[in-house]
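Take a look at the structure below.
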Amino acid sequence: GLLVLMAVVICALGTMAVFNLKHSMLQDRKDKVRNLVESSYRMVQYYEGLAASGKLPEVAAKQQAVNVLNGIRYDQREYFFAFDNNWRYIAHGVKPAMLGKDVMAIKDPTGAVVGQLFDQAMQSGGGKGFVEYVWDKPGFEQPQSKISYAMVTPRWKWVIGTGIYLDDVAAAFQQELITLALEIGVALLLLGMAGVLILRSVLGQLGADPRETVAVAKKIATVKKAVAGKAPAKKTPVRKAVKKAPAKKVVKKAVKKAAR
C-alpha cells in the first residue's frame, strides 16, 4: 500500500512539474513580446509627439516611424508589423507586399480572420492584448502556433505588434513528457524491487524459507480457528479410552488394590 502511494505521488509531482515548465516557457514568450512592443509603442509615441507639436510634418513623422518599425529585428529574423485605424497594413518587417492589404480579409490556416482576432483583443484589453493564431513558418511544412502582442497608439490609432512562434515550447513540452515517462518507469521499477527485497527480508527474519513460512502461517491460522470454535477439535485416544471403559470395572479394580 505504501509503495503504491509513493508511486502515485511520484507520478503526480512529475506531471505537475512538466506542466509548470510549459506554463513558465509560455509566460516567458509573452513577457518578451510585450516588452518589445512596449518599446516600439514608445518610439511611435515620440513621432506622434513631434507631429503634434509641429516640429515635424505629420506625413514625414509617420513615414519615419514606419521606416523604424520596418527596420527593427530581434532573434535574427523576427520583425514588427502595424495596421492603421482602417485595419490595413502600414508596416511589415519582412514582407513589403503586405503593405496596404486589409487584415480583415486575411485568414490563418484554421480559417480564423486575423484582423478580427486583433480587433477583439484590442477591445477586450483596452487597446492592448495578446493574440494567438497559427501562421506559416519558414522551414516547416505545417503552420505553427504563434502568439503576438499588440498595442494601439494614442494619436494615430495604429495597431503595433510582433509575434513569436511557439513550436519550440511544444517541442520542449513533448521532450519533457518523454523524459518524465522514462523517469517514472525507472522509479516504479526501483520501488517494485525494493518491495520484493523488503518482503524477503521480513520473511527471512521469521527463520525459514519464505514458502515454509507461509505454510506455517496457514497452520497457525487453522489452529486459531479451531480454538475459536470455527473448526471441530479432534478427539484424542485417551478421551476415547475413558469413554469406552465401564464405570463398574474401574471401581472393582480400585477395591482390589486397596485389599492387597
Test of understanding: clusters of I, L, V, M, F, W, Y form through side-chain heavy atoms closer than 4.5 Å, transitively. Do Val37 and Phe81 belong to the same one? no

Taking atom types as modelled and ignoring hydrogens, do the side chains of Glu48 and Thr153 form a donor-acceptor contact shorter than 3.5 angstrom? yes

If the test is side chain to side chain contact (heavy atoms under 4.5 Å, CB included), which one of Asn85, Asp84, Ile160 qualifies with Ile90? Asp84

Check whether any side-chain N or O of Lys157 sits under 3.5 Å from a backbone N or O of Pro154 as a donor-acceptor pair, and report yes or no. yes

Tell me if a side-chain donor or acceptor on Asp75 pairs with a main-chain N or O of Arg77 at a distance below 3.5 Å. no

Shortest non-hydrogen contact from Phe80 toward Ser40: CE2-OG, 3.1 Å

If you group Ile, Leu, Val, Met, Phe, Trp and Tyr by side-chain heavy-atom gaps below 4.5 Å, do Leu36 and Leu69 land in one group? yes

Taking NZ in Lys137 as the centre, count heavy atoms belonging to other residues, nucleotides or ligands within less than 6.0 Å. Is the count above 12? yes

Starting at CG of Leu166, measure out to CD1 of Ile147 and round the result to the nearest 0.5 Å. 6.0 Å

Under 3.5 Å, is there a donor-acceptor pair between the Ser148 and Tyr133 side chains? yes

Nearest 0.5 angstrom please: Leu117 CG to Met104 CE, how far? 9.0 Å

Val103 with Met151, same ILVMFWY side-chain cluster at under 4.5 Å: no

Decide whether a cation-pi geometry holds between Lys30 and Phe130; the criteria are a distance under 6.0 Å from NZ or CZ to the six-membered ring centre and an angle within 45° of the ring axis. yes

Is there a donor-acceptor pair closer than 3.5 Å between any side-chain N or O of Gln123 and the backbone N or O of Ala121? no

I need the Tyr47 OH to Trp156 CH2 distance, nearest 0.5 Å. 9.0 Å

Tell me the closest heavy-atom pair linking Met122 and Val159, and the distance in Å. SD-CG1, 4.3 Å

Interatomic spacing from CD in Gln144 to CD in Gln142 - rounded to 0.5 Å: 8.0 Å

So do the side chains of Met98 and Ile106 get within less than 4.5 Å of each other, counting heavy atoms only? yes

Which pair of heavy atoms, one from Trp87 and one from Asp102, lies closest together, and at what distance? O-OD1, 3.2 Å

Minimal heavy-atom distance between Leu56 and Ala61, with the atoms involved, is CD2-CA, 3.6 Å

To the nearest 0.5 Å, how far apart are CG in Leu26 and CD in Glu132? 6.5 Å

Is it the case that one hydrophobic cluster holds both Val33 and Met43, taking links as side-chain heavy atoms less than 4.5 Å apart, direct or via other members? yes

How about Thr162 and Tyr74: does a side-chain donor come under 3.5 Å of a side-chain acceptor? yes

So which atom in Lys107 and which in Val114 form the shortest heavy-atom distance, rounded to 0.1 Å? C-CG2, 4.2 Å

Tell me whether Trp158 shares a hydrophobic cluster with Val68, the cluster being built from Ile, Leu, Val, Met, Phe, Trp, Tyr side chains joined at under 4.5 Å. yes

Taking Asn35 for the side chain and Asp31 for the main chain, is one N or O donor matched with an acceptor at less than 3.5 Å? yes

Distance under 6.0 Å and angle within 45° of ring axis: Lys146 vs Tyr165: yes

So, does Arg73 use its side chain to make a donor-acceptor pair with the main chain of Gly93 at under 3.5 Å? yes

More than 12 heavy atoms of other residues, nucleotides or ligands under 6.0 Å from CD of Gln27: is that the case? yes

Work out which heavy atom in Pro143 is nearest to a heavy atom in Val134; give both atom names and the distance. CB-CB, 4.4 Å

Please report the interatomic distance CZ(Phe83) to CG(Asp119), rounded to the nearest 0.5 Å. 10.5 Å

